[in-house]
J.: 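Starting off with a structure, shown below.
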Amino acid sequence: MPPAKAVARAFPARETVEGAGVRLHRAFGYDHLPLFDPFLMLDDFRAEDPADYLAGFPWHPHRGIETVNYMLDGRVEHRDSLGHSGSVEAGGVQWMTAGSGIIHQEMPKPVDGRMGGFQLWVNLPRSHKMIDPRYQEVPGNEIPIISPQRGVRIRVISGTIGEVTGPVQDIVGFPEFLDVTLGPDVPFSHEVRAEHTAAAYVIGGSGNFDLRQDRELPNLTMVLFGQEGRWVHIIAGNRGARFLYFSGKPLKDPVAWRGPIVMNTKEEIREAFEEYRKGTFLRKR
Ligand code: FE2
């Protein structure tokens, strides 16, 4: 077995309130800068109680980042300043590059009483912070599912596994984003791209993410792999495991972050909020 990456950090997601009063779990965020570079934040808004999410995320701006909505249940209806509107349905993904700026609202809606998904924030390098905004939206039935070995099922959202490349492409920094399901006690190995930050967030069952230790990590655990080594080796627990896996090349840029806007300097943040107040925030209409 090739040398494995150790788990550098493993910790539970924390309850927090966002938007107009949405109760969610934050897997990691501002407090963890710059550990997950180029990733900034991962929110888990799986919820049983509609009161936890129905207030949604009314109109707000973004600049300098990408936000990725990946839905398991229900849907998120969205509408934005470019006149774009639609919904991300269960199993689907919306990879939004905010670039120079977008103003949008995102409203979670239950389907058959269920609602749940994730939002990952990916930082843009300094050279790309002000690129034109764009979307890649992919319904669930267009995300390939592969089974490279018995008991392993991978939804390839972005990145390449064997011959299969996920539908979200041409993203700066070539991140990988996979939804991996393992049967009971099934092992899984994956080669991390050179120099990439690699992380996993457990969304079902449990697994051992560092075979040098005897530790089962359950649902709602955020795992950051260390920099040494190129492979991750994981073994599911006796009820199986499901996790989101993502990797990306660190930007190593200075980060100035206020709310939904992430730039490189405080001055750029001040400008962005000033433009938002004056109505000159949007470069592209
Ligand atoms: Fe947003």
Side-chain angles (χ1 to χ4, degrees), residues 13 16-30 33 36 38-47 52-90 92-110 115-124 128-138 157-158 168 171-172 175 177 201 244 246 248 255-263 268-269 272-273 275-277 279 281-285:
T16 186
V17 177
E18 270 297 335
V22 175
R23 281 161 54 99
L24 49 80
H25 282 92
R26 177 150 300 153
F28 68 93
Y30 189 89
L33 280 176
F36 291 86
F39 304 101
L40 295 165
M41 192 178 85
L42 176 63
D43 279 350
D44 174 350
F45 49 91
R46 290 176 291 168
D52 286 351
Y53 56 81
L54 279 180
F57 303 88
W59 294 100
H60 59 276
H62 287 289
R63 175 179 284 176
I65 59 171
E66 301 181 288
T67 68
V68 182
N69 278 314
Y70 178 52
M71 296 301 293
L72 295 187
D73 285 305
R75 70 163 73 96
V76 167
E77 294 177 355
H78 61 90
R79 178 178 293 278
D80 78 17
S81 52
L82 302 173
H84 189 100
S85 69
S87 68
V88 190
E89 309 281 336
V93 67
Q94 178 199 56
W95 198 296
M96 184 187 89
T97 304
S100 62
I102 217 157
I103 300 172
H104 74 166
Q105 65 169 354
E106 302 162 283
M107 304 307 269
K109 297 280 155 69
M115 209 293 300
F118 308 92
Q119 187 170 94
L120 177 69
W121 287 18
V122 190
N123 203 2
L124 284 168
H128 287 70
K129 286 218 175 265
M130 296 301 279
I131 58 176
D132 284 346
R134 71 158 179 169
Y135 289 93
Q136 294 191 57
E137 282 177 336
V138 184
I157 298 160
S158 188
V168 175
I171 300 289
V172 188
F177 188 26
Y201 178 59
L244 305 179
F246 46 95
V255 173
W257 177 351
R258 190 167 141 207
I261 296 175
V262 184
M263 303 299 289
E268 289 164 343
I269 294 287
F273 278 90
E275 289 173 12
Y276 187 55
R277 259 193 311 276
F281 181 78
L282 300 172
R283 298 292 194 276
K284 187 168 181 176
R285 286 166 190 276

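Remember, it's 1-based here, ligands and their atoms both numbered in the order they're listed. Throughout, numbering of the chain's residues begins at 1 and tracks the sequence.
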J.: Give, for atom CG of Leu42 and atom NE2 of His25, the distance between the pair rounded to the nearest 0.5 Å.
T.: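 The CG atom of Leu42 sits 12.0 Å away from the NE2 atom of His25.
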J.: According to ring-ring contact (aromatic ring centres under 6.0 Å, His included), who are the partners of Phe177, at least two apart in sequence or on a separate chain?
T.: Tyr70
J.: Just jot down the ring-ring contact (aromatic ring centres under 6.0 Å, His included) partners of Phe273, sequence neighbours excluded, or say none.
T.: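 Phe273 satisfies ring-ring contact (aromatic ring centres under 6.0 Å, His included) with no residue once adjacent residues are dropped.
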J.: Pick out which of Arg79, His84, His60 makes a side-chain contact (heavy atoms from CB on, under 4.5 Å) with His104.
T.: His60
J.: Tell me how many protein N, O or S atoms are closer than 2.8 Å to the Fe ion (ligand 1).
T.: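 Protein heteroatoms (N, O, S) closer than 2.8 Å to the Fe ion (ligand 1) number 4.
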J.: Using the side chain to side chain donor-acceptor pair (under 3.5 Å) criterion, which residues pair with Thr67? Sequence neighbours excluded.
T.: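 If we apply the side chain to side chain donor-acceptor pair (under 3.5 Å) test to Thr67, skipping adjacent residues, there are no hits.
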J.: Counting only N and O atoms by type, is there a donor-acceptor contact under 3.5 Å from the side chain of Arg23 to the main-chain atoms of Val17?
T.: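 Absent.
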